[in-house]
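Heads up: the structure comes next, in structure tokens.
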2 protein chains.
Amino acid sequence: MLAVTRKTDYGLIVLVHLAEHRGEFCSAREIADRYKMPLAMVTNILKTLLRSGFIASERGSRGGYQLSLPAADISVLSVIESLEGPLRLVQCVLSATNSSFGACGLEAHCPIRSPIQRLHEGLREYLEKISVADIAARPAVTPLVRATVGA
Amino acid sequence: MLAVTRKTDYGLIVLVHLAEHRGEFCSAREIADRYKMPLAMVTNILKTLLRSGFIASERGSRGGYQLSLPAADISVLSVIESLEGPLRLVQCVLSATNSSFGACGLEAHCPIRSPIQRLHEGLREYLEKISVADIAARPAVTPLVRATVGA
DNA sequence: TGAATATAGCACCGATCAAGTCCTATTTCA
DNA sequence: TGAAATAGGACTTGATCGGTGCTATATTCA
């Protein structure tokens with residue numbers, strides 16, 4: 001229902017933490033303890049973020065994770081898509097064939113498809129412009145995103 | 001995962017249909033048939049939209065539904081909240097006590113709370129500015145919503 | 001060398017929610 | 001009175017979310 005899963009929630013916390021500890025390797029346990037998140041979840045999330053290339057890992061007893069990209073280059077959108085799969089506001093937004101209206105005849109095609117596509121694109125742009133660095137910059141400094149409707 | 005449920009999907013179609021048939025009473029069956037949506041779903045959605053005051057109903061064999069508000073006054077946000085409950089990007093966005101970080105100590109408070117609040121507000125504004133009338137206006141005319149990050 | 005501490009990769013489970021169905025009133029018209 | 005509509009529920013099923021567990025591998029350090 002237009003909510004982000006807890007994975008993304010945790011994932012952003014993890015990334016913000018790493019952004020604030022640039023240069024160090026932080027262990028999953030350390031991060032989980034710090035923010036009272038379940039360790040197993042955090043490790044899973046870190047593994048996913050690793051596969052997506054946002055972070056680098058080092059094994060062994062001094063191992064851990066660190067950002068492999070500037071925090072400003074990691075968008076909230078990319079984090080969401082890494083942890084939850086491709087963003088789709090509604091089912092039919094990705095492929096025409098997947099649409100629940102894909103089987104509709106010629107004239108009875110979905111009356112809201114194209115506007116919803118727009119809305120979806122707007123949402124993507126919106127989330128793409130906000131980076132982990134923005135979120136790490138915490139206070140009221142956090143950019144107020146203004147959506148403007150118009151031609 | 002940041003998706004809207006099918007209820008909202010159907011709901012918008014229903015409202016757009018009613019907007020395009022101002023003055024007439026349209027039956028649930030008529031609308032369900034027209035867009036090949038499951039009748040039972042459509043009737044449930046109409047009942048909810050009725051309770052929310054967006055539409056008016058008339059019983060009996062000539063009965064049906066019609067908009068009780070100008071389409072321009074029904075925002076996508078209000079439709080979503082009617083059909084899916086209050087918008088919450090993350091769990092902790094509504095009440096501080098509900099937060100999974102509500103139990104955190106003083107110093108270990110959630111590092112992303114306030115930026116996420118902003119993001120949530122931005123999303124609300126965004127969806128509030130788009131109305132059923134905008135969606136009914138279908139073609140490329142549909143307002144392109146531009147998210148701008150900045151002070 | 002071996003124990004401790006990391007990551008790596010899966011498979012799995014329970015609770016919740018989405019999506020859809022069904023049943024039983026009640027109202028209105030013909 | 002019967003057909004067709006709304007009104008208000010409960011209910012079922014399947015998918016997803018949130019979380020756990022296990023095994024293997026790598027690295028450090030005593």
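Just so it is clear: chains get the letters A, B, ... in the order the sequence lines come, proteins before strands, and each one is counted from 1.
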Is A:Arg51 close enough to C:dA8 that one of its side-chain N or O atoms is under 4.0 Å from OP1 or OP2 there?
no
Protein-nucleotide distance (B:Leu83, atom CG; C:dA19, atom P), rounded to Å
11 Å
Taken in chain and number order and not counting sequence neighbours, the residues that satisfy side chain to side chain donor-acceptor pair (under 3.5 Å) with A:Asp33 are none
If a pair satisfies salt bridge (charged side-chain N to carboxylate O under 4.0 Å, His left out) and one of its residues is in residues 21-30 of chain A, list it, with sequence neighbours excluded.
none
Got a sec, which residues hit side chain to side chain contact (heavy atoms under 4.5 Å, CB included) with B:Ala3, two or more places apart in sequence or on another chain?
B:Met1
Taken to the nearest 0.5 Å, the spacing of A:Leu123 CG from A:Arg118 CZ works out to 15.0 Å
With A:Val132, the side chain to side chain contact (heavy atoms under 4.5 Å, CB included) member among A:Leu67, A:Leu69, A:Val14, A:Ile74
A:Ile74
Applying side chain to side chain donor-acceptor pair (under 3.5 Å), name anything that partners B:Ser78, two or more places apart in sequence or on another chain.
B:Ser75
Could you tell me whether B:Leu50 contacts a base, only the sugar-phosphate backbone, or nothing, with contacts defined as non-hydrogen atoms closer than 4.0 Å?
sugar-phosphate
Mind checking what makes side chain to side chain donor-acceptor pair (under 3.5 Å) contact with A:Ser57, not counting sequence neighbours?
none
Nucleotides 22-28 of chain C: protein proximity per nucleotide (B base, S sugar-phosphate only, - neither; heavy atom, under 4.0 Å):
----BBB
Return each pair, listed once, that meets salt bridge (charged side-chain N to carboxylate O under 4.0 Å, His left out) where at least one residue sits in residues 57-74 of chain A; pairs must be two or more places apart or across chains.
none
For A:Glu20, what residues pass the salt bridge (Lys or Arg N to Asp or Glu O under 4.0 Å) criterion, not counting sequence neighbours?
A:Arg138
Over how many whole Å does the gap from A:Leu46 atom CG to C:dA6 atom P extend?
13 Å
Can you tell me how far C1' of C:dG20 sits from CG of B:Asp9, to the nearest Å?
15 Å
Contacts of A:Glu81 that satisfy salt bridge (Lys or Arg N to Asp or Glu O under 4.0 Å) - sequence neighbours left out
A:Arg124
Provide the start and end nucleotides, 5' to 3', of the part of DNA chain D that has atoms under 4.0 Å from heavy atoms of chain A.
D:dC17 to D:dC29
Rounded distance (Å) that lies between atom P of C:dT21 and atom CZ of B:Arg29:
14 Å
Partners of B:Ser68 by side chain to side chain donor-acceptor pair (under 3.5 Å), sequence neighbours excluded?
none
Residues from residues 20-28 of chain B sitting under 4.0 Å of DNA chain C, heavy atoms only?
none
